[in-house]
2 protein chains.
Amino acid sequence: MVPRLPAASVTVDLVVLTIRDRALHVLLVERGIEPFAGAWALPGGFVLADEDLDAAAHRELAEETGVASGIHLEQLRTYGAPGRDPRGHVVTVAWLALAPDLDEPAAGSDAAGARWWPMDAVARGDVALAFDHAAIVADGLERARAKLEYSSLAAAFCPPEFTVAQLRAVYEAVWGVAIDPRNFHRKVTGTPGFVEPTGGTIAEGAGRPARLFRRGPTDALHPPLTRAQS
Amino acid sequence: MVPRLPAASVTVDLVVLTIRDRALHVLLVERGIEPFAGAWALPGGFVLADEDLDAAAHRELAEETGVASGIHLEQLRTYGAPGRDPRGHVVTVAWLALAPDLDEPAAGSDAAGARWWPMDAVARGDVALAFDHAAIVADGLERARAKLEYSSLAAAFCPPEFTVAQLRAVYEAVWGVAIDPRNFHRKVTGTPGFVEPTGGTIAEGAGRPARLFRRGPTDALHPPLTRAQS
DNA sequence: CGAATAGTGTCTTTAAGACAATATAGA
DNA sequence: TCTATATTGTCTTAAAGACACTATTCG
């Protein structure tokens with residue numbers, strides 16, 4: 001460290017998204033200490049000395065969800081407005097995590113409480129969020145919505161084996177629109193490398209059993225799935 | 001500042017791109033001091049105490065290019081690997097700037113030297129870059145390439161009034177492909193809000209004079225321009 | 001069997017890509 | 001005139017969206 005240079009504290013904050021009950025949810029923790037004690041906040045914490053940013057994000061993710069692998073994690077954006085933290089100059093590197101439906105947050109969390117909140121309530125402003133976390137959540141939501149269009153990221157919301165209907169439910173939950181099941185099926189199975197059949201099938205209640213798929217090798221969708229559907 | 005928390009220095013680095021002689025160029029400065037004295041680096045510097053990140057980026061951009069307005073600037077990604085700066089834990093917030101063809105870098109620059117480098121030479125590794133700046137340049141290039149597809153960002157490389165051919169030259173330079181002028185013209189002028197005719201025309205050498213356009217209000221392109229062209 | 005969901009086939013519309021043809025300048 | 005670039009039009013092909021129809025399960 002060069003002593004005469006201005007220094008700041010660096011944190012990571014996580015926008016962890018999942019699909020529960022066919023709706024998008026975001027993981028929030030209730031703050032136990034000041035500032036913003038009692039308010040809800042994104043899980044996160046300070047980057048340790050000589051710790052890489054993605055290592056810090058993975059560490060916080062494991063601490064909060066109890067799950068270390070199988071969760072998509074990508075850097076979202078960095079926020080450093082002077083007044084964003086009353087404790088001083090704190091720069092936070094925000095990350096976006098997409099997870100399949102997990103259990104309730106791990107009891108080992110260091111926060112007073114942690115729970116999944118429906119995204120529509122959070123986006124509507126029904127939940128009081130600490131710091132500038134409302135803006136971070138909004139940015140994370142927009143990133144997720146955009147990336148579903150031109151990448152195979154939707155599979156990150158699904159377990160290792162999933163049906164086309166499950167994948168479609170991801171798009172419907174994140175975009176908030178209804179998608180024609182038949183055209184979606186044709187599009188998904190017709191895009192090389194998007195999904196691969198495992199050979200198995202699964203019956204969920206009534207109806208013909210659905211074939212199971214796993215994620216394919218392709219990350220970019222050509223041509224993309226457009227958001228302007230009926 | 002909370003004294004007992006690990007602190008880091010925070011910098012901003014700029015990937016400034018422009019089109020010169022129908023080729024993509026990136027602005028680099030020659031380092032005058034250690035570490036990496038004599039090597040080329042991205043323009044940038046330390047974020048001042050209580051300075052917002054985008055304010056720091058704008059400040060550095062103005063210092064290096066002498067231009068304060070009319071340049072697109074967006075946050076790219078933040079890099080904080082422990083060993084990336086031998087002086088200690090330095091976290092850098094990288095920004096992507098897209099500019100129309102500017103003059104040679106401002107003489108007021110605090111670097112030993114500053115010049116535009118052809119991107120293909122830099123991407124090929126012909127230029128020795130300091131720190132992890134080669135990776136940052138690669139990320140900036142990929143961001144620019146991707147955003148041309150689904151946004152009207154290409155106009156950020158053009159002066160306020162431009163021709164369709166100039167806009168096409170941007171795509172050809174950034175993507176490194178040849179694009180059919182006729183289909184491109186139809187696509188660009190047929191996408192509502194992408195470009196708006198100013199009414200004027202301009203003759204550049206031989207051939208029919210081209211109509212002049214300015215940037216339209218639309219930022220997102222629906223449907224996108226796909227990169228997989230002939 | 002009827003209801004429900006999975007998956008296929010077909011038609012229409014939209015847009016991309018190839019490329020002929022026309023418009024308007026300079027040499 | 002010839003050449004070069006701009007712009008429009010036309011044709012073919014790919015893919016989205018609407019939707020009829022078949023397949024397979026459960027109650």
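Lettering of chains follows the sequences in order, A, B, ..., and the numbering in each one begins at 1.
Crowding of B:R22 atom CZ: a count of heavy atoms from other residues, nucleotides or ligands under 6.0 Å not exceeding 12.
As rounded to whole Å, 13 Å separates atom C1' of C:dA4 from atom CZ of A:R208. With rounding to whole Å, B:D180 atom CG is found 11 Å from C:dA20 atom P. Atom CD of A:Q166 is separated from atom P of C:dG7 by 12 Å (rounded to the nearest Å). At whole-Å resolution of the value, CG in A:N183 and P in C:dC11 are 15 Å apart. Rounded to whole Å, atom P of D:dT7 lies 6 Å from atom CZ of B:R211. If you take CD of B:E149 and P of C:dA16, they are 12 Å apart, rounded to a whole angstrom. The NE2 atom of B:H222 sits 14 Å away from the C1' atom of D:dA16 (whole-angstrom rounding). B:L225 has its CG atom 7 Å from the P atom of C:dA16, to the nearest Å.
Across all strands, A:G190 comes closer than 4.0 Å to no nucleic acid atom at all (heavy-atom distances). At a threshold of 4.0 angstrom between heavy atoms, the contacts of A:A210 are confined to the sugar-phosphate backbone, with no base atom among them.
Partner of B:L14 under the side-chain contact (heavy atoms from CB on, under 4.5 Å) criterion, chosen from B:L96, B:L27, B:L73: B:L73. Checked against B:W95 for a side-chain contact (heavy atoms from CB on, under 4.5 Å), the options B:L76, B:L53, B:D13, B:V15 give a single hit: B:L53.
Below the 3.5 angstrom threshold, one finds a donor paired with an acceptor across the side chain of A:R182 and the base of D:dA20.
Checking the phosphate oxygens (OP1, OP2) of D:dG17, no side-chain nitrogen or oxygen of A:R186 falls inside 4.0 Å. Applying the 4.0 Å criterion to OP1 and OP2 of C:dA6, one finds that A:H185 has every side-chain N and O outside that range. Using a 4.0 Å cut-off, some side-chain N or O of A:K187 falls inside it from OP1 or OP2 of D:dA16. Of the side-chain N and O atoms in B:T226, none sit less than 4.0 angstrom from OP1 or OP2 of D:dA14.
Remark on DNA chain C: of its neighbouring residues B:A206 and A:A206, the 5'-side contact belongs to A:A206, judged by nearest-heavy-atom nucleotide. For A:A203 and B:P209, each mapped to the nucleotide of DNA chain D holding its nearest heavy atom, the one lying further toward the 5' end belongs to B:P209.
Below 30°, between 30° and 60°, or above 60°: for A:Y171 and A:W175 the angle between ring planes is above 60°, a perpendicular geometry.
B:E172 places none of its side-chain heavy atoms less than 4.5 Å from the side chain of B:F184.
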